[in-house]
Student: 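My questions all concern the structure below.
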Amino acid sequence: MFQLDIDEASFAWHGDAAEARQRQKALAERVRLGDDFGPVNCVAGVDVGFEEGGAVTRAAAVLLKADTRQLIGQALVRQPTVMPYVPGLLSFRELPALIAALQQLDQRPDLVFVDGHGIAHPRRLGIAAHLGVATDLATIGVAKKVLCGRHEALAEMRGAQVPLLHRGERIGTVLRSKHRVRPLIVSPGHRLSHDTAVAQVLAFDGGYRLPEPTRLADRLASRRGPLPDSGSSR
DNA sequence: GCGACAG
DNA sequence: ATCTTGTCGC
């Protein structure tokens with residue numbers, strides 16, 4: 001476990017969707033784009049899954065060494081689900097468990113890959129951006145589908161990319177991580193630029209559609225068996 | 001008003 | 001996200 005100042009009030013759910021959307025607008029102003037993070041020695045990947053028909057929220061966090069991309073830690077947290085899924089308000093439902101899992105890692109990650117959007121959100125506060133503002137950690141959003149915005153078609157080859165636009169503003173990048181495979185939506189969460197977000201996703205490619213940090217966290221969050229261990233987990 | 005809608 | 005078996009393709 002490592003030190004982390006958390007702005008719990010930022011993602012507290014009060015049962016009022018309109019109030020939550022208003023809070024998102026205010027929090028979005030605290031998001032910092034532009035690269036602002038130190039050397040990347042280790043990165044984390046976080047994801048959330050559900051059990052018991054949605055009654056239990058299951059959050060997973062993995063820690064990877066940046067140079068070797070070796071798994072050096074993992075954490076799993078289970079909590080009762082307190083809020084239903086509402087498009088646009090995903091972070092209020094998943095952040096409590098997600099942050100709990102993240103905090104159980106033995107080391108503070110220099111960068112966090114989050115499953116879901118960063119600023120590619122109606123009010124520019126997807127779960128990756130919200131996590132960044134709530135903890136001040138550098139975060140990247142990697143989603144499998146577009147929530148809002150439009151984009152031109154992109155080439156079928158790996159590495160092809162086009163900007164994702166919304167209301168005349170660039171909110172992310174549609175990136176083909178594998179040849180002829182559905183593209184990923186990459187967007188800055190906090191403390192980094194569009195270009196760096198894409199570069200980091202490509203840097204952690206492991207031959208699958210999802211970047212390694214996200215893929216491993218995804219695997220752990222789902223009940224698909226343990227991870228090919230290679231470090232500390234106890 | 002009508003459709004769309006991360007996980 | 002989750003419920004679910006086999007199956008087509010690289």
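Just so we're on the same page: letters track the sequence lines, and every chain starts at 1.
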Student: Whole Å only: how far is the NZ atom of A:Lys145 from the C1' atom of B:dC5?
Tutor: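 Answer to the nearest Å: 9 Å.
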Student: For A:Gly88, answer base if it contacts any base atom (sugar-phosphate contacts may also be present), sugar-phosphate if it contacts only those atoms, and nothing otherwise; contact means non-hydrogen atoms under 4.0 Å.
Tutor: base
Student: Over how many whole Å does the gap from A:Arg21 atom CZ to B:dC5 atom C1' extend?
Tutor: 11 Å
Student: Flag yes if more than 12 heavy atoms outside A:Asp5 fall under 6.0 Å of its CG atom; otherwise flag no.
Tutor: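 Incorrect, the count does not exceed 12.
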Student: Using atom CG of A:Leu95 as one end and atom P of B:dG7 as the other, report the distance to the nearest whole Å.
Tutor: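 Nearest whole value for this atom pair: 15 Å.
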Student: B:dA6 C1' sits how many Å from A:Gln24 CD, rounded?
Tutor: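 My rounded result for the distance is 12 Å.
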Student: Do the side-chain N and O atoms of A:Asp115 and A:Thr214 include a donor-acceptor pair separated by under 3.5 angstrom?
Tutor: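 Not at all, the side chains of A:Asp115 and A:Thr214 share no donor-acceptor pair under 3.5 Å.
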Student: Which atom names give the shortest non-hydrogen contact between A:Val31 and A:Arg124, and what distance separates them?
Tutor: CG2-O, 4.4 Å
Student: Starting at atom NE2 of A:His130, determine the distance to atom P of B:dG7, rounded to an integer number of angstrom.
Tutor: 18 Å
Student: Answer whether the closest heavy-atom distance between the side chains of A:His130 and A:Ser10 falls below 4.5 Å.
Tutor: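 Answer yes - side chains close enough.
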Student: Pick base, sugar-phosphate or nothing for A:Tyr85, based on heavy-atom distances below 4.0 Å to the nucleic acid.
Tutor: base
Student: According to a strict under-4.0 Å criterion, is A:Lys144 in side-chain N/O contact with OP1 or OP2 of B:dG7?
Tutor: yes
Student: Considering only Ile, Leu, Val, Met, Phe, Trp and Tyr, and joining two whenever side-chain heavy atoms are under 4.5 Å apart, list the other residues clustered with A:Val77.
Tutor: none
Student: In whole angstroms, how far is the C1' atom of B:dA6 from the CG atom of A:Asp218?
Tutor: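 For the pair A:Asp218 CG and B:dA6 C1', the rounded distance is 13 Å.
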Student: Remember a base hit wins even if backbone is also touched, and classify A:Val86 as base, sugar-phosphate or nothing at under 4.0 Å, heavy atoms.
Tutor: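 Answer is nothing: A:Val86 stays at 4.0 Å or more from every strand.
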Student: Can you list everything that forms a salt bridge (Lys or Arg N to Asp or Glu O under 4.0 Å) with A:Arg123? Sequence neighbours excluded, please.
Tutor: none
Student: Which is the 5'-most and which the 3'-most nucleotide of DNA chain C that has an atom under 4.0 Å from a heavy atom of chain A?
Tutor: C:dA1 to C:dC3
Student: What is the distance, rounded to the nearest whole Å, between atom CZ of A:Phe113 and atom P of B:dG7?
Tutor: 16 Å
Student: With a 4.5 Å heavy-atom cut-off, do A:Leu192 and A:Ile140 have their side chains touching?
Tutor: yes
Student: Looking for any heavy atom pair under 4.0 Å, which part of the strands does A:Leu89 touch: base, sugar-phosphate only, or nothing?
Tutor: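 Base contact.
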Student: Checking all strands, does A:Arg180 fall into the base, sugar-phosphate, or nothing category for heavy-atom contacts under 4.0 angstrom?
Tutor: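 A:Arg180: no heavy atom of the nucleic acid under 4.0 Å.
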Student: Give one of base, sugar-phosphate or nothing for A:Ile127, where a contact means two heavy atoms less than 4.0 Å apart.
Tutor: base
Student: Between B:dA6 atom P and A:Asp47 atom CG, what is the distance in whole Å?
Tutor: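 Distance, rounded to whole Å: 15 Å.
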